[in-house]
Peer 1: 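Handing you a structure now.
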Amino acid sequence: MKEYTLILTLLFSLTTFSQTQKGIVIDESGKPIENVTITNPKSNTHSHTNETGVFNIDKSNIGDVLNVIALGYKKRTYTITDSEISIVMESDGFKLEEVIIQSKIAAINVISKIDLETTPVNSSQEILRKVPGLFIGQHAGGGKAEQMFLRGFDVDHGTDIAINVDGMPVNMVSHAHGQGYADLHFVIPETVEKIDFGKGTYYANKGDFATAGYVDFGTKEKLDFSSIKVEVGQFNTFRTVGLFDLLGNNKKESAYIGTEYILTDGPFDSPQNFNRINLFGKYSFVLEDNSRFSVTASRFTSKWDASGQVPQRLVDAGTISRFGAVDDTEGGSTSRSNFNVSLFKPIDENTFLKANTFYSNYKFELFSNFTFFLEDPVNGDQIKQKEDRNLYGINVELNKNIHKESVDLLFQLGFGVRNDATTNTELSHTLNRSTTLEQIKLGDIDESNIFTYLNSEIRLGKWLINPAVRLDYFKFGYQDKLVANYKTQTESQAKVSPKLNFIYSQNNDLQFYLKTGMGFHSNDARVVIANNGKEILPTAIGTDLGTIWKPFPRLIINSALWYLYLQQEFVYVGDAGVVEPSGKTRRSGLDLGVRYQLSDYFFFNLDANYTYARSIDDAKGQDYIPLAPDFTSTGGLSFQNWKNFSGGLRYRYMKYRPANEDNSIVARGYFISDFNINYTFKRIAFGITIENIFNSEWNETQFVTESRLKNENASVEEIHFTSGTPFFLKVGINYKF
């Protein structure tokens, strides 16, 4: 009898030792928590929660004690008492020592989590500034998408950075103003919960425009509380935000709506008359099998006037101020309506499916005048760019984990379709916004992108090897409405983009990585047709060698050496309606980031980015890439929940940089500091924000442009700029309920 008992006990031990425990981690209101680290010291195994708080941990049995760590929550232990685990975490102050450098391709995303926790955002510009090394500039009255700079790229409005919100693309292909135009103003900043970013061409699930990098924003599934915020400031500035929880503390369902309304005249001599309205709603539901389903709808409209870019010669002569205008009839209007449905469905303990489908209706009309009276000495050179777009798409990804004795495998198989259909995409020469003098371009564009990718992760001890491949197929169609005979012109092309990444994790405090991959950005459909489908998907080849290191519990340092090559291409210039060649380029550089927690309440951060950017085929001294930044830095000191106070002092610095190919004209650099402080009393928070506290004179955006004024006999090529905001004071109050 004892022998049988011994055998049964042994068999039971062998069976239970290989058991995999499945669980979920949630906060006190029932909201799932992502990227929680769960470890079992007894079996020396660990796991991390996915997007819905779910995890699987091997070699864990009833009676084992798990250690659970999540940023912003109290560390806790959990004793397994059942096969289904539900762990509730209690909110706590942010502690940098609890950061674990996870062994995954996008481990650097821990930086954005830290920055969101220590310096919350309250403007659309601040959302983008959360990406280390990403600089932005506004030059059209606050209504146009920001100009962006990243890794030695003047990204324009999004040509070389892919931006998504909840799986829905923000970049617009074949846009009336510029390829990849990414207007993020439809996002209410207070609804953003997470930022996923990556630099380079190394990610199989990122395709078009992901050359310099990508940024994915995720909105909150539910609100912790409802709130109403009101802000007022100089230059007739007013902003109000309302966030309203609709279902309360319901662990299965959540719903909320958000509204934002902004008015401002800006610091310019001619008022901007800017206004923007945002409406946002989200409903989420948890099914019995822990599937998660969400529906999001939003509407955004904006209208503004603009002073445009002013020539340096007029400011130097004292004819106009830095905030003056040559043609103050510039401006525009835009709107976007979005509908997005997302599903996360577990299939078994090692397999899950995530998908989303989306629809957007987008309208855009912009009036600009960059050259004044160069082309038309009588009426001036004002242009109108206009489009009406319908955007449809679907993304599906199947994730499969395979656990072996000495190796763990992850496979991700993705598929997606995107279609952009624009009507009457227009470039016209206009007068006073009301009279069309000449239609330069007018046509309908239909563009489709079908893609699939296979991403795999092989874990061998301390190594993570990530081979992947992506396949994209594009079909471009253009109907020119200015020709006599109806004809739809089409071209198509496919693109294969392989990736291979290596991650070595010495421990939870030190990681090295080598990333390599090929990517691309598409060209405007009008380029594709004009160029007969040749050189229309320029290849980008990149590599990163870097490290993430925690030398001390409250200090994180990330650094990377990188290189990026971009193939020859032809570019559609939306402001002129012409196609111009753009030669081969190479960029290399160094990224450095530091995050340090001085105490339980005070935090320091620093990012410095150096880039060497040159054209390959041009002669030395003639090979500068106009407006490519070669050194930028951001940083600051912030504090949270210190005797009911929070706030911070931040800076951003961009060095002087070449404005043309031979560096004979230089774009001015700048150093700008901002400050904010908030005090919370029970449910009410009072805040003061000061932008540009030292009232520095700076150029937010600047270009080398050839222009002629009405009284000039000859044109002049020089810097034209939009002046950055001077000292700007805002006060606000936020009531939570």
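No experiment lies behind these values; they were computed from the predicted model shown. Residue numbers start at 1 and run along the sequence shown.
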Peer 1: Going by atom types alone, do K42 and S60 pair a side-chain donor with an acceptor below 3.5 Å?
Peer 2: no
Peer 1: Between T39 (side chain) and P41 (backbone), is there a donor-acceptor pair under 3.5 Å?
Peer 2: no
Peer 1: Within the structure provided, determine whether Y513 and I548 are in side-chain contact (heavy-atom separation under 4.5 Å).
Peer 2: yes
Peer 1: Are K400 and T351 close enough, and set up right, to give a side chain to side chain donor-acceptor pair (under 3.5 Å), and what steps lead you there?
Peer 2: CA-CA 5 Å; K400 177 71 175 180; T351 311; 3.0 Å; yes
Peer 1: So, the side chain of T547 versus the backbone of Q511: is there a donor-acceptor pair under 3.5 Å, distance only?
Peer 2: yes
Peer 1: Under the side chain to side chain contact (heavy atoms under 4.5 Å, CB included) rule, what do L128 and I163 come out as? Steps first, then yes or no, please.
Peer 2: CA-CA 10 Å; L128 288 167; I163 300 178; 4.2 Å; yes
Peer 1: For D289, is the CG atom crowded, meaning more than 12 foreign heavy atoms sit under 6.0 Å from it?
Peer 2: yes
Peer 1: Establish, from distance only, whether the side-chain atoms of Y453 and E397 form a donor-acceptor pair under 3.5 Å.
Peer 2: yes
Peer 1: What distance do K22 atom NZ and I85 atom CD1 have between them, rounded to the nearest 0.5 Å?
Peer 2: 11.5 Å
Peer 1: Would you find more than 12 non-hydrogen atoms of other residues, nucleotides or ligands less than 6.0 Å from K95 atom NZ?
Peer 2: yes
Peer 1: Among side-chain atoms of N455 and Y203, is any donor-acceptor pair under 3.5 angstrom?
Peer 2: no
Peer 1: If we count only N and O atoms by modelled type, under 3.5 Å, do the side chains of N401 and D408 hold a donor and an acceptor together?
Peer 2: no
Peer 1: Closer than 3.5 angstrom, by distance alone: can the side chain of N501 be matched with the main-chain N or O of T516 as a donor-acceptor pair?
Peer 2: yes
Peer 1: Can the ring centres of F474 and F520 be said to be less than 6.0 Å apart?
Peer 2: yes
Peer 1: Any donor and acceptor pair, going by atom type alone, linking the side chain of T452 with main-chain N or O of G414 inside 3.5 Å?
Peer 2: yes
Peer 1: Could you measure the distance from the OG1 atom of T79 to the CG atom of D64? Nearest 0.5 Å is fine.
Peer 2: 9.0 Å
Peer 1: Answer yes or no: is there a donor N or O on one side and an acceptor on the other, between the side chain of D160 and the main chain of A212, under 3.5 Å?
Peer 2: no
Peer 1: Below 4.0 angstrom, N of the basic side chain to O of the carboxylate: do D216 and K194 qualify?
Peer 2: no
Peer 1: How long is the span from the CG atom in L566 to the OG1 atom in T201, to the nearest 0.5 Å?
Peer 2: 10.5 Å
Peer 1: Hey, which of D591, D630, T634 is the one that makes side-chain hydrogen bond (donor to acceptor under 3.5 Å, both in side chains) with N609?
Peer 2: D591
Peer 1: Yes or no on salt bridge (charged side-chain N to carboxylate O under 4.0 Å, His left out) for R151 and D544, after CA distance, side-chain angles and deciding distance?
Peer 2: CA-CA 12 Å; R151 281 200 160 180; D544 266 53; 2.9 Å; yes
Peer 1: Checking R587 against T585: is there a side-chain donor and acceptor pair closer than 3.5 Å?
Peer 2: yes
Peer 1: Rounded to the nearest 0.5 Å, what separates atom NZ in K345 from atom CG in N290?
Peer 2: 10.5 Å
Peer 1: Between S103 and R459, do the side chains contain an N or O donor and an N or O acceptor separated by less than 3.5 Å?
Peer 2: yes
Peer 1: State whether a side-chain donor-acceptor pair under 3.5 Å links Q412 with N399.
Peer 2: yes
Peer 1: Tell me whether K550 contacts the main-chain N or O of E97 through its side chain, where contact means a donor paired with an acceptor under 3.5 Å.
Peer 2: yes
Peer 1: Can a donor-acceptor pair be found between the side chains of D166 and N340 at a distance below 3.5 Å?
Peer 2: no
Peer 1: Side chains of H521 and P538, heavy atoms from C-beta outward: is any pair under 4.5 Å?
Peer 2: yes
Peer 1: What residues, two or more places apart in sequence or in another chain, satisfy salt bridge (charged side-chain N to carboxylate O under 4.0 Å, His left out) together with D600?
Peer 2: R554
Peer 1: Hey, does P551 have a side-chain heavy atom less than 4.5 Å from the side chain of I557?
Peer 2: yes
Peer 1: From I33 CD1 over to S91 OG, what is the distance, rounded to the nearest 0.5 angstrom?
Peer 2: 7.5 Å
Peer 1: Determine whether V68 and V36 make a side-chain contact, defined as any pair of heavy atoms from C-beta on separated by less than 4.5 Å.
Peer 2: yes
Peer 1: Take M89 and D27, measure what side chain to side chain contact (heavy atoms under 4.5 Å, CB included) needs, and give me the verdict at the end.
Peer 2: CA-CA 5 Å; M89 303 293 286; D27 65 12; 5.5 Å; no
Peer 1: Side chain of K199, backbone of W562: donor and acceptor closer than 3.5 Å?
Peer 2: no
Peer 1: So, does K206 use its side chain to make a donor-acceptor pair with the main chain of G198 at under 3.5 Å?
Peer 2: no
Peer 1: Pairing donors with acceptors under 3.5 angstrom, does anything connect the side chains of N356 and S342?
Peer 2: no
Peer 1: Any chance the side chains of D472 and N449 put a donor and an acceptor closer than 3.5 Å?
Peer 2: yes
Peer 1: Hey, is the main chain of T543 close enough, under 3.5 Å, to the side chain of Y202 for a donor-acceptor pair?
Peer 2: yes
Peer 1: Hey, what do you get for CD (E190) to CD1 (I127), rounding to the nearest 0.5 Å?
Peer 2: 8.5 Å
Peer 1: Near F552 CZ, under 6.0 Å, is it more than 12 heavy atoms from other residues, nucleotides or ligands?
Peer 2: no
Peer 1: With a distance cut-off below 6.0 Å to the six-membered ring centre and an angular limit of 45° from the axis, does R76 pair with Y78 as a cation-pi contact?
Peer 2: no
Peer 1: When you check the side-chain N and O atoms of Q567 and Y565, is any donor under 3.5 Å from an acceptor?
Peer 2: no
Peer 1: Out of D208, N205, N395, which one pairs with F451 under the side chain to side chain contact (heavy atoms under 4.5 Å, CB included) rule?
Peer 2: N395
Peer 1: Closer than 3.5 angstrom, by distance alone: can the side chain of Q597 be matched with the main-chain N or O of L96 as a donor-acceptor pair?
Peer 2: yes
Peer 1: Consider only side-chain N and O atoms of N605 and R650, and report whether a donor and an acceptor are under 3.5 Å apart.
Peer 2: yes
Peer 1: For F352, check ring-ring contact (aromatic ring centres under 6.0 Å, His included) against everything at least two apart and list the hits.
Peer 2: F344
